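As the structure is a computational prediction, the values presented were derived from the model and not from experiment. Computed from heavy atoms alone, side chains included, the values below leave out hydrogens, waters and symmetry copies. All chains are named by letter (A, B, ...) in the order of the sequence lines, taking the proteins before the strands, and each is independently numbered beginning at 1.
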Amino acid sequence: MDINKLRHSLAHILAHAIQELYPEIKFGIGPAIENGFYYDFEFPKSQNPKPEDLPKIEKKMKEIIRQNIAFKKKLISKTDAKKIFKNQPYKLELIEELKGKKISTYQSGKINQGSQFIDLCQGPHLKSSKEIDLNSFKLTKIAGAYWKGLEKNKMLTRIYGVAFETKKELSDYLKTQQEAEKRDHRLLGQKLELFLSDEEVGAGLPIWQPKGTILRKNIQDYLYRELISQGYEWIISPHIGKLNLWKTSGHWNLYRENMYSPIKIEEEEYMIKPMNCPFHVKVLQSKVRSYKDMPVKYAEFGTVYRYERSGTLHGLTRVRGFTQDDAHIWCTSEQTKQEVTKLLKNGLKILKTFGFKDFEIYLSTRPEKYAGNLAGWQKATNILKQVLQELKLKWQVDPGGGVFYGPKIDIKIKDSLGRLWQCTTIQVDFNLPERFNITYIDQKGKKQQSIMVHRALLGSLERFIGVLIEHYAGAFPFWLSPVQARVIPVGKKHEKYAKKIGEELALAGFRIEVKTENETLSKKIRTGEVEKIPYLLIVGDKELKAKTVSLRKRGKGDIGQIKQSQLCQKFLKELKN
RNA sequence: GCCGAUGUAGUUCAGUGGUAGAACGCCAUCUUGGUAAGAUGGAGGCCGAGAGUUCGAUUCUCUCCAUCGGCUCCA
């Protein structure tokens, strides 16, 4: 069975049920979507359904399905269609827009015989509702949605459902959803004391707690070393800059809606930075550059602030202040392809070290609001396309998804539950070099304009860590864990030995805690497991006598004793995995 | 920003037009433990903020703030 046919047919049946329950209803559209379907409606005032009404609607749908109604395609003229849908303003709008003389409609149920429903529709549909398993679908939520997805349009009421061929697939899906909820980084972030958000501080402004800060630093330290080995130099730039800087860069013209209002300092206006690029350009321009210097690569953990509308904020994955692992590469136009190729390769390598294995790659083209000339856009887009083709990567186009100054390649990473997150972005820019007159001296002693590549591999530390938390369900690999091991003495008399072990490991650079609280062993172990610490080191009489520790691995239980003298080595080995 | 829901202890939640309760967590004492919750006791709340209705509001109304699910937008 074609699952989309099933889902789309269920959308019709939903509309059919709504028609029966709310005769005054105005219909929007109702397509099949990933995992299910939805249908948009305009309910008469004060009749908007509440979540409590979903079971009632679902029941009605089942009644209709049991009638074994057939879906019949019918081609009719525009004039006839307008008559049939004369009370349906949204449908009339769609009819107006349709090209061709004949309009495709689908009818379910028999005209003049019991319940029936007719909709403007391309199809295809199931033959009959007989094919639907009554227990394989479920209405899930009610939400507002703009007509045609345009903000200036009226907001309709959307009812979502999930649907599968079999009851088992539905329950598997619901289980996965539950698992995803358990992994929610907002929940785990609080439980594991990684970060917090505070009403008084403001929306979208997370505060990093000690453990989250360690996690963040681990990531930064790794990138710091890695990028130096790849020829980058690290810089630091201020958080605000004069308005004029942003006028030169083009942000004031094309990115203003994402920026916060100017701050006045001694009659001069300053902007909080939404991007780091202009500052990086300044560092580049502090010297005359030769072709021999190219490419020049500057990296920064640059904290930026962007105005995000309140409704779009979400945990760490969508915030108003965030730190990009930002970098800019200036190169000759001949070097561009090679540099983008390196970036893409290294980007994927770095993502893999964080445990991500599956990716989706997008080529985002020129948006509506853009700077620069079309020829430049074409050239830059072609370079990106060539790189993708030569690396034999699977990719797709995101039309109009580019940034105002150039096209980009985005990598969405797939987490352990198969959900996609946009992190990596590589953007080719020929526009800022023009605006800032960024040049280098070529072999003949002449000035040449350079190409500028913007890139963030993790995207932002906030979003990346949010995704990382969900990917690992909070159980981070050894090298990332805020606390790598906790030493647990069985009784008071073992505390001295426990502290000694802790000190030795800490001296070797490991992040170790020693738990001396007055609790039972079981309780201390439980706490350690709940906190998702990779190793618990238990020491009691046995261990004290034999100069060993009992190792307990997260999620695996007791894995036996190890000589105290071999602990460091064991952990060093663990770091390399 | 828009549509809808929610806001009570550190956390998860009960509850009421007459100024509050549970569980877990936290702290203390007892217990001196062998691989996922030992016992007892205690501290913690301007019931998100402001205004209104009322003799009286945590409870009803309005506004704001924040959170959640979507739409739209994005690293």
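Using a 4.0 Å cut-off between a side-chain N of Lys or Arg and a carboxylate O of Asp or Glu, A:E179 and A:R183 qualify as a salt bridge. A salt bridge does not link A:E462 with A:R318: none of the charged nitrogens is closer than 4.0 Å to a carboxylate oxygen.
The C1' atoms of B:U40 and B:A5 are separated by 42 Å, rounded to the nearest whole Å. One P atom belongs to B:U72, the other to B:U19, and the distance between them is 49 Å to the nearest Å. B:C27 and B:G70: their C1' atoms are spaced 43 Å apart (whole Å). Rounded to a whole angstrom, the distance from the C1' atom of B:G48 to that of B:U58 is 11 Å. Comparing the P positions of B:G38 and B:A75 gives a spacing of 49 Å, expressed to the nearest Å. B:G21 and B:G15: their C1' atoms are spaced 7 Å apart (whole Å). Between the P atoms of B:A57 and B:G18, the separation comes to 11 Å (whole Å). With both ends at atom C1', the span from B:U12 to B:G1 equals 32 Å, rounded to whole Å.
Atom CD in A:E517 sits about 8 Å away from atom P in B:C26, given to the nearest Å. Between A:Q209 atom CD and B:G10 atom C1' the separation is 11 Å, expressed in whole Å. Whole-Å rounding puts the A:R526 CZ to B:G33 C1' distance at 18 Å. Rounded to whole Å, the distance from CD1 on A:I559 to P on B:U35 is 16 Å. Note: CG (A:D541) to P (B:U35) measures 14 Å, nearest angstrom. For the pair A:L205 CG and B:C65 C1', the interatomic distance rounds to 14 Å; values are reported in whole Å. Whole-Å rounding puts the A:D198 CG to B:C65 C1' distance at 12 Å. Remark: C1' of B:C3 and NZ of A:K50 are 13 Å apart, rounded to the nearest angstrom.
No donor-acceptor pair closer than 3.5 Å links the side chain of A:Q427 to the backbone N or O of A:K408.
Nearest-nucleotide positions on RNA chain B for A:N48 and A:Q190 put A:N48 closer to the 5' end.
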inquiry  = Could you walk me through whether A:S550 and A:E543 satisfy the side-chain contact (heavy atoms from CB on, under 4.5 Å) test, starting with their C-alpha distance in whole Å, then the side-chain angles of each, then the deciding distance to 0.1 Å, before giving a yes or no?
reply    = CA-CA 7 Å; A:S550 281; A:E543 291 82 3; 2.6 Å; yes

Intermediate values then yes/no, side chain to side chain donor-acceptor pair (under 3.5 Å), A:E226 and A:Y232 = CA-CA 9 Å; A:E226 178 67 28; A:Y232 287 77; over 6 Å; no

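Side-chain N/O atoms of A:E193 and base N/O atoms of B:G10 include no donor-acceptor pair closer than 3.5 Å. With hydrogens and angles ignored, a donor-acceptor pair closer than 3.5 Å exists between the side chain of A:E529 and the base of B:A36. On a pure distance criterion of 3.5 Å, no polar donor-acceptor pair joins the side chain of A:N518 and the base of B:U29.
A 3.5 Å limit on both hydrogen-bonding distances identifies B:G42 as the Watson-Crick or G-U partner of B:C26. For B:G7, the paired nucleotide is B:C65, the pair qualifying as Watson-Crick or G-U wobble because both relevant distances are below 3.5 Å. Across all strands shown, B:G17 forms no Watson-Crick or G-U wobble pair with both distances under 3.5 Å. B:G34 is unpaired under the criterion used here, namely a Watson-Crick or G-U wobble arrangement in which both key atom distances are under 3.5 Å. Look at B:C73: it lacks any Watson-Crick or wobble partner with both distances under 3.5 angstrom. Pairing for B:U59 is absent, judged as Watson-Crick or G-U wobble with the two contacts each under 3.5 Å.
In this model, the phosphate group of B:A36 is not approached by any side-chain N or O of A:K556 to a distance below 4.0 Å at OP1 or OP2.
Ring orientation note: the planes of A:Y173 and A:F164 are tilted relative to one another, at an angle of 30° to 60°. Relative ring orientation between A:F354 and A:Y222 is described as perpendicular, the plane-to-plane angle rising above 60° on a 0-90° scale split at 30° and 60°. The aromatic rings of A:F279 and A:W246 sit perpendicular, their planes meeting at an angle over 60°, well past the 30° parallel limit.
For A:E199, the side-chain atoms get nearest to B:C65 when compared with the rest of B:C65, B:U35, B:A36. Counting only heavy atoms from C-beta on, A:K492 has its side chain closest to B:G33 among B:G1, B:U35, B:G33.
Counting any heavy atom pair closer than 4.0 Å across all strands shown, A:T527 reaches no nucleic acid atom. In this structure, A:A203 reaches the sugar-phosphate backbone alone: every heavy-atom distance under 4.0 Å involves primed, P, OP1 or OP2 atoms, never a base. Residue contacts for A:T520: at a heavy-atom cut-off of 4.0 Å it reaches a base atom on one of the strands shown.
By the rule that a glycosidic angle within 90° of 0 means syn, B:G44 counts as syn.
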Per-nucleotide protein contact string for nucleotides 68-75 of chain B (B base, S sugar-phosphate only, - none; heavy atom under 4.0 Å) = SBBBBBBB

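In summary, the side chains of A:T323 and A:T303 do present a donor paired with an acceptor at a separation below 3.5 Å, with no hydrogens or angles considered.
When each of A:R552, A:R554, A:R486 is tested with A:E529 by the rule salt bridge (charged side-chain N to carboxylate O under 4.0 Å, His left out), just one qualifies, namely A:R552.
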